[in-house]
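None of the values given here were measured: they were computed from a predicted structure. Letters go in sequence order (proteins before strands), and every chain restarts at 1.
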Amino acid sequence: MPAIRHASKRKAPPAGFSDIEDDLLIFSNKMKDAENATSVNVPRHAVHWPIFQISHQRSRYVYELYYEKEAISKQLYDWLLKNGYADAMLIAKWKKTGYEKVCVLLY
Amino acid sequence: MLKSTHKVTAPIPLPEGWTEHKAPTGHTYYYNAATKQSTYTRPIAPPVAPAPIAPLDPSQSFLQYQAVGSSNPSAGPNFNFPGQGDFQGGRGGFSGQNQRGGRPGGNDRPKPQPNDKPKSRHTIPGHEDWVLVHTKYGRRFVFNKEKNQSFWRIPEKLKDGILALDQLRIKEKAEALIKADEIASDIAPGAAARPGLAPKPAVEENTGADDSSEYEEVEVTDDEGEDVEGEESHASKRQRTEENLPDEPVEFNEDDIAFQLAAMGQEYGLDPGEYDDGNMEWEEGAEGEMISDEDSAALFKDLLNDYGINPYSPWEKLIEEGKVFDDIRYTALTTMKARRETWEEWSREKIKVLRESRAKEEKKDPRIPYLAFLQKNANPKLYWPEFKRKYKKEPEMRDASLTDKEREKFYREHINRLKLPQSTLKTDLLSLLKAQPTSVFNNATLSSHLPPSILSDIRYISMEPSIRDTLIETFITTLPPPPESVPVEETEEAVKERKDKERRRKALEDRERHVAEEKRRQQRDLQFGKGRLREEEAEIARAMNVTKKGLKDHLMAEDSGVKSN
């Protein structure tokens, strides 16, 4: 069993995280809502769409902050990827020509 | 018995729960408070007993002249106008039949058949109680008003009357086509009447899809002193809704015509309003020349600055919040794409500025609140672990930018210093103050806004705040004034900036005023046009007032009308 890491002992996120913390929190709240939303009467293939949508939006947000606006540092970007705030595989696609607007890697 | 069944004095009342409203653009729309639905199309009450559409024997369409098994009305189109309410549905002339169970055998294929419906009707000259009815699909049948019977097969005795009628109609069509062309060029240039169909004035094309767009061409047949007849040519192929009562083959009298004209007038009244909006937008775009692109972008950036938008937030958040929509500066840029681009540019700049300013001041930031917290709460009686446990929920203790080790170090040092004598603490504080350069610490400094280099020093918090503050204040008065330096240039820049801003604001105001003026002018034009149209229609209405006494009477009436005018 892995050791439980207490919040106060955890390593602090890199500098600049506090700037985007609120917006990431909004995204995570949206994600929670989407996860808990009822899937009754939703077609089977469409159940995950809202979740994909939010995950895409959040990845896009992080991607734009780092690659387009250069608003966050490399450390913070890496930290965000490591902690699951953005999908690294998706962002890898966006960097390729012809794949700039890929929305989901599943299909 | 055969009074006018045309009872269109008011539009069909709305079904329960629906209310009618006017949109700011002038459209009427309908809202159902219960279901929270809104629609532009007028809602129709669901039929009380949903009538299955009467199946129509498809063979009839080819065989209409020979194959009708019986000349009995139930075999064919059955027109019993008054009192039956068959046509209230308006969905087709035959809908009433099966409801009454008229055709039990052979013909009860339940599935929908093409909805044929009466399109126009003409009294057959020479046989006044017979009416020739044309349907939507181009078929025709005769209907006896006296006996309330209709036949696909046309009786021999009516043949020559119908022939005469056909000739008349062809002639009229040709005339009306010319007339319609004139009207079209008069009212709505650019839309032409289509040849081949019954003339459709172009106005029709302008009415949106919302209301019963239907144009009634009223033709006068001055045949043997007959009554005026209306021929309705349905311009739209859309499905009729209930309100389109003129679907029924009805007797038209002067009142009806007057009503139709009034309705047409209303339609005209609607149209230009719709047009107007389009024009307005176009106008605005044209006006855009007054403000250059950079200016409008700068205006938009000002807006973003003023509303304190977080440059790190995503664009969607800005749009979802919608705080900025009310500001007129939001309209400085006309497209969403431009806005987004400007926002991107702005956030990039803003983030750069923020980072620079933060780089200047940062470093000591986390220590200052922690030290203030220590001064308030630190107690020589508590060891560090106890203190930590006691205040572990406080934000100063959880601040990630300061490690626990550092906190502990500060705490121990502070506790040790509290045990020192007051005089040592005082000399330490004074030495700290003296060590500050005059550029950050001089006699203009406020005691509430000390430089961070002082605030983040452990010596600063060692003394009681009341004693320390008076000490610092007196020390500040002894300090030299701030050295003269660069701010002059900065202010110049600021002034320039302010002027720029002012200029842009003025330009925007000018534009707004211009647009408002333009709007007013258009409104006036519109009113004028409507008035003229109304006059013309009134004139037409007067011309239509032909009574049984013939042309002479008509002319006399017109003369008197002119005189009275």
Engaged part of A:Leu24 at the chain B interface, taking heavy atoms whose separation is under 4.5 Å: neither
Would you mind telling me which of B:Glu316, B:Arg348, B:Glu344 has the largest number of heavy-atom pairs within less than 4.5 Å of chain A? B:Arg348
Does a side-chain N-to-carboxylate-O contact under 4.0 Å join B:Lys390 and B:Glu386? no
Answer yes or no: is there an ion pair linking B:Asp404 with B:Arg407, defined by an N-O contact shorter than 4.0 Å? yes
Determine, for B:Asp302 against B:Arg329, whether the closest basic-nitrogen to carboxylate-oxygen distance falls under 4.0 angstrom. no
Between A:Glu64, A:Gln57, A:Lys69, the one whose heavy-atom pairs under 4.5 Å with chain B are most numerous: A:Lys69
With a 4.5 angstrom heavy-atom cut-off, which part of A:Phe27 approaches chain B: side chain, backbone, both or neither? side chain
Option from B:Lys301, B:Lys350, B:Arg340 for which salt bridge (charged side-chain N to carboxylate O under 4.0 Å, His left out) with B:Glu345 holds: B:Lys301
Tell me which of these, A:Asp19, A:Ile20, A:Ile72, has more heavy-atom pairs under 4.5 Å with chain B than the rest. A:Asp19
Would you sort out whether A:Tyr67 and A:Lys95 count as a side chain to side chain donor-acceptor pair (under 3.5 Å), showing the intermediate values? CA-CA 9 Å; A:Tyr67 285 103; A:Lys95 288 190 273 191; 2.8 Å; yes
